[in-house]
Amino acid sequence: DARAPSAELPSPAQTPAGEDILNFPRGNRAGHCVHAVFENADFTSSEGWPRVIGEALTRHPPAPGRAAGALHAAQLQRMLEDVTQTSLPPGFTLAGIPWSRRLVEWEFSLPSRQLDPMSLGRLLKDHGYRMPTLQFATLSGYLRGFVDLVVEHDGRHFVMDWKSNHLGVTEADYEPAAVREAMAGNGYHLQHLLYTVALHRHLATRLPDYDYERHMGGTLYLFVRGVRPAWREGGVYADRAPAALIDELSALLQNGADAR
């Protein structure tokens, strides 16, 4: 989780209802279960959701040593309803995104040459992205990863990522400032910027008239425990990195520190 749980118990007024996803188990197991639900659910129709949820709970039991129950299924069902019906900053809901406009678990590979942590950290800092200190050996090879979801809306493409972090139990815990802290503290900025470079390169080879400003919509990280229509901007991190940063990061990967 992005923040240590408070030592104080929530007041009765703050205690979420039983079927609220805020009560869903925490940790890696629960995260895998949540991801499996979003990976396989048709956002435009809830008809198949019970099956998708049941399969996710069977394959990824959210709590070790305990069988998933009807309450877990109800929590995931309500989460899907909330997340798909919430209006996202670019002006669409996931309920309006059909399979034909989704790339799920999109795999990418980025070649890198003499990539060192100091140059990478300095580049992100220069563009205003706070990150923990990067520590890794100079890398020459390939960065391989998977983007949870790429969606296309109105001709623009968005990188999306599901985050199951438990930030708290109130609306204030998922407000933009709290979400920004979670992004910075967990090093998610590097993640979404690498995803953007990968998608930028991919689109440049697929769209004859590709232009970053016209075709790249940006990044949407959804901290799904707080994404719900009633919580305005709750749980959503939206960003559109400047084209200059994406070009510089792409060059840094390709040419190492010599690129700067």
Side-chain angles (χ1 to χ4, degrees), residues 1-38 41 43 46 49 53 56 62-63 69-97 128-130 148-149 151 153 158-189 191-192 217-240:
D1 290 347
R3 292 203 308 228
S6 170
E8 299 181 3
L9 293 175
S11 68
Q14 295 175 320
T15 303
E19 293 184 358
D20 198 305
I21 194 64
L22 293 170
N23 294 316
F24 195 71
R26 310 180 193 183
N28 289 335
R29 290 172 178 265
H32 289 312
C33 184
V34 167
H35 274 72
V37 169
F38 282 110
F43 300 151
S46 62
W49 290 1
I53 290 169
L71 183 57
H72 292 140
Q75 290 164 349
L76 293 170
Q77 176 85 18
R78 177 170 166 180
M79 174 198 69
L80 267 178
E81 293 170 357
D82 281 340
V83 173
T84 56
Q85 294 296 328
T86 296
S87 180
L88 301 176
F92 66 85
T93 65
L94 288 173
I97 303 295
Y129 289 92
R130 289 192 295 126
D148 286 350
L149 181 65
V151 303
H153 169 71
F158 297 83
V159 165
M160 297 190 65
D161 200 280
W162 317 112
K163 296 301 182 190
S164 60
N165 308 49
H166 193 286
L167 305 184
V169 297
T170 69
E171 180 176 359
D173 295 317
Y174 295 87
E175 288 180 345
V179 168
R180 287 195 297 271
E181 284 300 314
M183 290 292 297
N186 287 281
Y188 293 152
H189 288 309
Q191 184 185 57
H192 79 77
T219 294
L220 289 167
Y221 269 44
L222 303 189
F223 290 75
V224 296
R225 294 181 193 258
V227 179
R228 53 193 75 194
W231 288 5
R232 188 169 178 268
E233 298 183 344
V236 178
Y237 174 79
D239 183 48
R240 187 167 177 273

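Here the OG1 atom belonging to Thr170 is positioned 7.5 Å from the CD atom belonging to Glu175, to the nearest 0.5 angstrom. Annotation: the span from Leu149 atom CG to Phe43 atom CZ amounts to 5.5 Å, rounded to 0.5 Å. To the nearest 0.5 Å, atom NE2 of residue His166 and atom CD1 of residue Ile21 are 9.5 Å apart. To the nearest 0.5 Å, atoms CG (Asp173) and CZ (Phe223) are separated by 12.5 Å. Within the model, atoms OH of Tyr174 and CG of Leu22 stand 5.0 Å from one another, a figure rounded to the nearest 0.5 Å. Between the CG atom of Leu222 and the OG1 atom of Thr86 there is a distance of 8.5 Å, given to the nearest 0.5 Å.
Between Val236 and Val227 the shortest side-chain heavy-atom distance falls below 4.5 Å. Side chains of Leu71 and Asn23 form no contact here, defined as non-hydrogen atoms less than 4.5 Å apart. At a threshold of 4.5 Å between non-hydrogen side-chain atoms, the residues Leu76 and Cys33 count as touching. Two residues are said to be in side-chain contact when any heavy atoms from C-beta on lie closer than 4.5 Å; Met183 and Thr219 fail this criterion. Counting only heavy atoms from C-beta outward, the side chains of Ser46 and Leu80 never approach each other to under 4.5 Å. Within the 4.5 Å cutoff, the side chain of Met160 has no heavy atoms near those of the Phe38 side chain. Within the 4.5 Å cutoff, the side chain of Gln75 has no heavy atoms near those of the Arg225 side chain.
With hydrogens and angles disregarded, a donor-acceptor distance shorter than 3.5 Å links the side chain of His35 to the backbone of Trp162. A distance-only check finds no donor-acceptor pair linking the side chain of Gln85 to the backbone of Thr93 [under 3.5 Å].
Closest heavy-atom contact between Arg240 and Gly217: CD-O, 3.4 Å. Smallest separation of non-hydrogen atoms from Pro62 and Pro25: O-CB, 3.7 Å. Across Ala73 and Ile53, no two heavy atoms sit closer than the pair CA-CG2, 3.8 Å. Residues Ala172 and Ala178 approach most closely at O-CB, 4.1 Å, considering heavy atoms. Listed here is the closest heavy atom pair of Arg228 and Arg78: NH1-NH2, 4.3 Å. The two atoms that bring Val224 and Ser164 nearest to each other are CG2-CA, 4.3 Å, heavy atoms only.
Phe92 and His153 have tilted rings, their planes meeting at an angle from 30° to 60° on a 0 to 90° scale.
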Report the C-alpha distance between Phe158 and Leu88 in whole Å, list the side-chain angles of each, state the deciding distance to 0.1 Å, and finish with yes or no for side-chain contact (heavy atoms from CB on, under 4.5 Å).
CA-CA 11 Å; Phe158 297 83; Leu88 301 176; over 6 Å; no

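For Phe24, the ring-ring contact (aromatic ring centres under 6.0 Å, His included) test picks out His72, with sequence neighbours left out. Here Asp161 pairs with Lys163 under the side-chain hydrogen bond (donor to acceptor under 3.5 Å, both in side chains) rule; sequence neighbours left out.
Around CD of Glu171, the count of heavy atoms belonging to other residues, nucleotides or ligands within 6.0 Å exceeds 12.
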